[in-house]
Amino acid sequence: MLRPLRFDLHLHTVLSPCGEIEMSPSAVAAAARKAGLSCFAVTDHNASANVPAYGEAASREGVAVIPGIEITSREEVHVLGYFDDYSVLAGLQKTVYASLPGRNDPDAFGIQAVVDANEDVIEMDEHLLIGATSLSVEEVVDLIRAGGGLAAASHVDREGFSITGQLGFVPPGLGLHALEISPRTTPSSVHARFPETSGFPLLCSSDAHRLSEIGTGWTEILAFEPTAAEVLLALRGEGGRRILRLSNG
Amino acid sequence: MNLSEIAEALNLSARTCKSAMDREVGGGYASDLLSDVMGRARKGDVWVTMQTHQNVVAVAVLKEMAAIIIVNGREPESDTAQKAEEEGIPLLVSAEPTFEVVGKLYSMGIRASSDA
C-alpha cells in the first residue's frame, strides 16, 4: 500500500573522520526513531563498511536503512549514491578505495572506525576518506548508475564540496537522478540561484554529523517501502509514487 | 620573512593566532583544491585560498603550514576560526583576489618550496 514515508538520506557515522564519536549505531537508530524517520541512509565519505551495523541497530528501532556512500570526485564534488543491495555497494567500494590516494592522519582529520551493531570497533579504516578520489564527477555518477544505484549531488545550496560550488553549475548531460538541498535553504532559493536546478527533483536531507542533527532535514515520499528503488520510482512519479514535501518547503 | 612583515605589506588582517605572527614563512602555495594542497604544499608554506570551511585547517595542520591567507574579502566560518585557534594556525584575510595576493608575495621573494 502506498503510504507517506519520511526519509533522511544523508548521515555520517563514526567511519567518517568528521562524524562525531557519539554517532554510534544504537544512538543514531534511536535518534532517527525519535525524529519520526521511516528511513535513513548511511552515507560516509568514500566509505560504506558501517552500513551493516547501522542497519541492524536501526531494525531494532523499526527504522529502515538505505545503504549509501558519499563519494568525493577529483573536482572535490560530493556525490551521494544509494543502493538497496549492500553487496553491490561493497563491490563499488573497491573501485572507490582503489581511486583514493593517501592514508588518514587521525590527529588532523579524526578517527575512522568500522563498528559492529554492538558498538565494538572492528577496525580503523586507514584510507584518507576526507580526501578526493581520482574519479571525475561524470565517472562517479556513471559508477553509481552502473550498479543500479540512485545518484544525487550533495547539498547544492552550499559552496563547499557541492557541484554548484566546485564547478559553478550543474553540467548538462550529467546523469544525476536528484539534487540534495540542506535544511537551511528552500527550493525556491536554490532555483533562483541556480536556474538549471529546476530540471531536477530535489531531496532535503540533514547531512548529520552529530545526533542532534538527525532528521533536521527530511523528504516525505509517497511510496510502498522505504527503499532506494522506491525513492527512484517516486522521483520519476511512477505508479502513484511521488515526493510529497520537503522539511524546508 | 615572517608573517607580520607579510601582513603589513599586503594589508592582511589576522583572525586567529595573533601571537604567532613572528612565525617564519618558508614558501608559498595557492590552490582551492584540498587534495592538491595535501599533495603539493610544503612545511612552512603560506597557503593562499578562497576556501573558508574547517577542512582547510586540518590540511594546514597536516602539512605543518605557516598560515592561511583567505582572499576576496571572505571571512572564515566560525567553526573554522575556532579550530584554527585551537590548532595554532594563523588565519589572515585579504580583500584582494588570489592573483594580487600571490603577485605581491612573489615580489617580496616568497616562492613555491623547492621540492614542490
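In the text below, chain A, chain B and the rest are named by the order of the sequence lines, each starting its count at 1.
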Looking only at heavy atoms, the pair that brings A:E76 and B:D32 closest together is OE1-O, 4.1 Å

* Are the side chains of B:V59 and A:F109 in touch, meaning some heavy atoms are under 4.5 Å apart? ->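 When only atoms from C-beta onward are counted, A:F109 and B:V59 do touch, with a gap below 4.5 Å.
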
>> Do B:L33 and A:R74 have side chains that approach each other closer than 4.5 Å (heavy atoms only, starting at C-beta)?
In response: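 Side chain of B:L33 against side chain of A:R74, heavy atoms only: no contact under 4.5 Å found.
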
Practice problem: Flag yes if more than 12 heavy atoms outside B:F99 fall under 6.0 Å of its CZ atom; otherwise flag no. | Solution: no

query = Counting only heavy atoms not in B:E8, do more than 12 sit closer than 6.0 Å to its CD atom?
reply =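 Not buried by this count: 12 neighbours or fewer within 6.0 Å.
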
Rounded to the nearest 0.5 Å, the CD1 atom of A:I130 sits from the CG atom of B:L62 at a distance of 11.0 Å

When the 4.5 angstrom heavy-atom criterion is applied to A:Q166 and chain B, the contacting part is side chain

Residue from A:A108, A:A132, A:P17, A:G131 scoring the most non-hydrogen pairs under 4.5 Å with chain B is A:A108

